[in-house]
Structures are given as C-alpha cells and as structure tokens.
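I have placed the structure first, in the form of structure tokens, so that the comments after it can refer back to it.
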2 protein chains.
Amino acid sequence: MDNKTRQKYEARARVIKAMAHPSRLFIVDELSRGERCVCELRDMIGADISTVSKHLSVLRDAGILDDEKRGLQVFYRLRVPCILNFFGCVEGVLQANARRGAAVAKQ
Amino acid sequence: MDNKTRQKYEARARVIKAMAHPSRLFIVDELSRGERCVCELRDMIGADISTVSKHLSVLRDAGILDDEKRGLQVFYRLRVPCILNFFGCVEGVLQANARRGAAVAKQ
DNA sequence: TTGTTGGTTGGCAAAATAACCAACTAACGA
DNA sequence: TCGTTAGTTGGTTATTTTGCCAACCAACAA
C-alpha cells in the first residue's frame, strides 16, 4: 500500500472514528431531527457538560456537524445528512448478528 | 437516556468502531472486490501477519466479515455489502471539508 | 460593574487500542 | 513422522481515548 493510498484510508478513518462512540452516535441521531443546543444534549445524555462539549467538537472537527452561537447557547446541527444512511446498514448488521447468535445457540 | 437506549447505541458503536481504523477500512474496501486470504491482505497492508489477523477478527466479531478455511489458507469475505455505502458518504464529508479548508484559507 | 448562565479548554487518571514478537495450532507434503 | 506454510493467540509496551474537575471565556441581566 503506497503512501497516498494509506493517507486516503487514514482520512476516511478519521471520519468514521468520529462516529465510533455511543454518545456521539446518539448525538447524530438526535440532530437528524433538528438542531439542539449543548445543554439539551447534555440533559439527554446525562454526562458532564464538558464531556458532551468534547464529543461535539470531535464531530465538528470531523466535518459532520456545524455549530452556531446564538445568545448564550450554542446550537449544533448535521452538516452531512447522508451520515444517517449508516444507521440502516448498522441495524442490518446487528440483526444478522442476532440471527446468527440464535442459530449458534440452537446448535 | 434510559438503559435500553444506551445499549442500542452501544451496539451500534461496536459495529462502527470495528470500521474505525485505516487498515480495516482498506480490508473492507478490498473485500468488496471479492474474497481474499490473510496472506494477500498482509502483503497489501504491509504489517505483521498477526496484526492483520487481529484486524480481521475485529471485523468478523462485529459481524462485518465471514471467514472460511480452505486448506492452509483462511479466506475472508464481506458478510454485509451495504457497509460499502459508508464510503460514498465519507468521501462526501471529506470533499466538503476540503472545500471548507480552501474557503478558510482564502479568508 | 457584578453576577449568572452556557459552553469551552486544560489537565489528569483510568481504560481501551494498536503493533510487534514469540509461542502455538492446523493442514499439507516429503 | 518431520518439516513447512498459513494463521491465531498471548503477552508486552506505547499510544490514544474517555470522562471528570477546575479554570476560564462570552453573552446577557441586574
């Protein structure tokens, strides 16, 4: 694998990595229904606000979210809606796993 | 977020996490063109075979790959082709980032 | 100006990942 | 049986990620 190819996959991995955390997946899912401020997300997730803020900046830095400050609050929204397509496929994987789990259990 | 919801996002994150590495992304991409044995992937990736083997088991354990031993070799293949849809969206994010980077540079 | 609210940043400790080497197993051939 | 090849597993070390607390910043109100 040459250097250019390696860089291509590293760039892709940075985007995927940004999604690779339960709270961050929740955020993406929630923002698919419209923008939310940090405090709303903190209430839903139930973690320290600094933790939520860091998750949001991971997603923003990856190019998945945009932020906008209005008054005291900062609102985040999805920048790339196609990111939602992930969920369908991931659910498919999980359901296939469940079926396989059941089949293995029967053996 | 209740416990059941948390578990849902944890399950999804496990699948996404399995993809969140440059070599594993490369493997998924390569297997989209057909099954490959471990040694072929090792040659392409250029890492120790034990490293490649561990990457493959991460993807298999997540339910993304299937493996089959034939003779001395173990062949891996994609179990869930829809995983490829990820790439299109990820490329879109990267291109949007590049445009934004150019725009920021112009400021 | 002072206080308050909403959010970000720095720092730290704990946990998870990653890569290699070494040891091992399985399948095959001589 | 013995050696070889293909791959997996265990162990170790280095790096990254995570989450909280504390300190800080920005916008607004009193």
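Side chains included, hydrogens not; waters and symmetry mates left out as well; all remaining heavy atoms used. Naming: A, B, ... by sequence-line order, numbering from 1 per chain.
Under 4.0 angstrom from either OP1 or OP2 of C/dC20 there lies at least one side-chain N or O belonging to B/T51. Checking the phosphate oxygens (OP1, OP2) of C/dA18, a side-chain nitrogen or oxygen of B/R24 falls inside 4.0 Å. The phosphate of C/dT17 has neither OP1 nor OP2 within less than 4.0 Å of any side-chain N or O from B/H55.
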Show, in sequence, the C-alpha distance, side-chain angles and deciding distance for B/F86 and B/V28, and conclude whether the side chain to side chain contact (heavy atoms under 4.5 Å, CB included) test is met. CA-CA 11 Å; B/F86 283 37; B/V28 168; over 6 Å; no
Show your working on side chain to side chain contact (heavy atoms under 4.5 Å, CB included) between A/L56 and A/V38 and close with a plain yes or no. CA-CA 8 Å; A/L56 287 165; A/V38 182; 3.8 Å; yes
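Whole-Å rounding puts the B/I45 CD1 to C/dA18 P distance at 13 Å. Rounded to whole Å, the distance from CG on B/D67 to P on D/dT9 is 10 Å. Distance A/L59 CG to C/dG7 P: 16 Å, rounded to the nearest Å. Between the P atom of D/dT8 and the CG atom of B/L65 lies a distance of 11 Å, rounded to the nearest Å. Rounded to whole Å, the distance from CD on A/Q73 to C1' on C/dG7 is 10 Å. Protein atom CD of B/E68 is 15 Å distant from nucleotide atom C1' of D/dA6, rounded to whole Å. The nearest whole Å value for the distance from the CG atom in A/L72 to the P atom in D/dA29 is 8 Å. The distance between atom NE2 of A/H21 and atom P of C/dA16, rounded to the nearest whole Å, is 11 Å.
Using cut-offs of 30° and 60° for the angle between ring planes, the B/H21 and B/H55 rings count as tilted.
Distances from the side chain of A/S53 to the nucleotides D/dC20, C/dT9, D/dG7 place C/dT9 closest.
Note on B/Y76: only backbone sugar-phosphate atoms sit closer than 4.0 angstrom, heavy atoms only; bases stay farther off. At a threshold of 4.0 angstrom between heavy atoms, the contacts of A/K54 include nucleobase atoms, whether or not backbone atoms are also involved.
Taking for each of A/K17 and A/D48 the nucleotide of DNA chain D with the nearest heavy atom, the 5'-most of the two is the partner of A/K17. The residue among B/V58 and B/S50 whose nearest nucleotide of DNA chain C lies closer to the 5′ end is B/V58.
The shortest distance between side-chain heavy atoms of B/L78 and B/S32 falls below 4.5 Å.
Remark: side-chain polar atoms of B/Q95 are not paired, donor with acceptor, to backbone N or O of B/G92 under 3.5 angstrom.
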